[in-house]
2 protein chains.
Amino acid sequence: MMKTEAEKMMHARAEVFKALGHPARLAMVIALGKGERCVCELQELVGSDMSTVSKHLSILRAVGLVDSEKRGLQVFYSLNCPCTLDFVSCVDRALAER
Amino acid sequence: MMKTEAEKMMHARAEVFKALGHPARLAMVIALGKGERCVCELQELVGSDMSTVSKHLSILRAVGLVDSEKRGLQVFYSLNCPCTLDFVSCVDRALAER
DNA sequence: TAGTTATTTGACAAAATAGCAAATAAGAAG
DNA sequence: CTTCTTATTTGCTATTTTGTCAAATAACTA
């Protein structure tokens, strides 16, 4: 199946939205909006296995939404697209008026 | 499985992102950013079966991203959350610097 | 009545998914 | 070096979701 440049672009964009389309990942992104967090903190936040959290984070990193930096034993994640938070606020407003 | 209010909220938000996590739906939302469109125009845009397009649109409407209005034989859809376009621009910028 | 636009309803294959257990890596600390 | 901790990766499984289409229905027009 041939794919035009525009289709590839749209696909890439959609991947970003898909990455945010999971409650745990979204919760982590919102938490990162308040500052960087290590994986263990994020694990406590979402309450899943650490390997699961790690996988979620790799999905967010793959689409460029977050960055990671290792410091000692810990890996700290930070939000690369603060505009995400603005959109979440907008979504909240839309959800409120339903 | 019990669900707190906060969890339900996060789930509802994630549903909005999931709705946007498909190339065809995202393309339609972006098109609607330029003004209302009837289903047949959107069908031409994405090139799928009309029933498929209709289903995609119902998903977007279910989460409150778009509105619809019937006029004669046609149904016109409009974007309910223009902020979506701002976020798409932001995503594009993030994708560009990869 | 016939034609058009759109939605709904199954139905189905295919794909994606989340999640966990176990293995691996990499640094810290004794 | 050994051990402990934090994190990632690697299968693997079951579950779910997914997108799509064909056919039926609806609603309006001519």
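Proteins come first, then strands; the chains are lettered A, B, ... in the order of their sequence lines, and each starts at number 1.
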**Item:** Interatomic distance where CG belongs to A:L57 and P belongs to D:dT9 [whole Å]
**Value:** 11 Å
**Request:** Kindly say whether B:E41 contributes a backbone atom to a donor-acceptor pair with the side chain of B:E44 at under 3.5 angstrom?
**Result:** no
**Prompt:** Think B:H56 has a side-chain N or O under 4.0 angstrom from the OP1 or OP2 of D:dT20?
**Reply:** yes
**Message:** If I take atom CZ in residue A:F17 and atom P in nucleotide D:dT18, what distance separates them, rounded to the nearest angstrom?
**Reply:** 16 Å
**Request:** Kindly say if B:R25 contacts the phosphate of D:dG19, meaning a side-chain N or O under 4.0 Å from OP1 or OP2.
**Result:** yes
**Prompt:** Nearest of C:dT5, C:dT8, D:dT6 to any side-chain atom of B:M50?
**Reply:** C:dT5
**Minimum-distance nucleotide to B:V39 side chain [options: D:dG19, C:dT17, C:dT7]** = C:dT7
**Fill in**
Ranking B:V53 and A:G72 by the position along DNA chain C of their nearest nucleotide, the one closer to 5' is B:V53
**A:L73, nearest nucleotide to its side chain (from D:dT20, C:dG27, C:dA18)** = C:dG27
**Closest-nucleotide 5' rank along DNA chain C - winner of A:K70 and A:I59** = A:I59
**Message:** Between B:D49 and A:Q43, which residue's closest nucleotide on DNA chain D lies nearer the 5′ terminus?
**Reply:** A:Q43
**Asked** If you check the A:S51 side chain, which of D:dG19, C:dA21, D:dA7 turns out closest?
**Response** C:dA21
**Request:** Determine whether A:V63 and A:K18 make a side-chain contact, defined as any pair of heavy atoms from C-beta on separated by less than 4.5 Å.
**Result:** no
**Asked** Ignoring hydrogens and angles, does a donor from either the side chain of A:K55 or the base of C:dG19 sit under 3.5 Å from an acceptor on the other?
**Response** yes
**Item:** Atom pair NE2/OG1 of B:H11 and B:T4 - distance to nearest 0.5 Å
**Value:** 12.5 Å
**Item:** Separation of atom CZ in B:F76 from atom P in D:dA27, rounded to whole Å
**Value:** 19 Å
**Request:** Send over the distance from B:K18 NZ to C:dT17 C1', rounded to a whole Å.
**Result:** 10 Å
**Request:** Quickly work out the B:L60 CG to C:dA6 C1' distance and round it to whole Å.
**Result:** 16 Å
**Request:** Compare the minimum distances between each of C:dT5, D:dT8, C:dA6 and the side chain of B:C38, then state the nucleotide with the smallest one.
**Result:** C:dA6
**Prompt:** Side-chain N or O of A:T52 less than 4.0 angstrom from OP1 or OP2 on C:dC20?
**Reply:** yes
**Message:** Nearest to the side chain of A:R61, heavy atoms from C-beta on, is which of C:dT7, D:dT8, D:dT20?
**Reply:** D:dT8
**Prompt:** Atom CG of B:L42 to atom P of C:dT5: distance rounded to whole Å?
**Reply:** 14 Å
**Request:** Look up atom CG in B:L60 and atom CE in B:M28, then write down how far apart they are to the nearest 0.5 Å.
**Result:** 5.5 Å
**Asked** Do B:C90 and A:C81 have their SG atoms less than 2.5 Å apart?
**Response** no
**Prompt:** Mind checking whether B:F17 and A:F87 have parallel, tilted or perpendicular rings, split at 30° and 60°?
**Reply:** perpendicular
**Request:** Grab the CG-C1' distance between B:L20 and D:dT18 for me, whole Å please.
**Result:** 16 Å
**Prompt:** Is B:Y77 near enough to C:dT5 that one of its side-chain N or O atoms lies under 4.0 angstrom from OP1 or OP2?
**Reply:** no
**Prompt:** Tell me: CD of A:E36 to P of D:dA7, nearest whole Å?
**Reply:** 12 Å
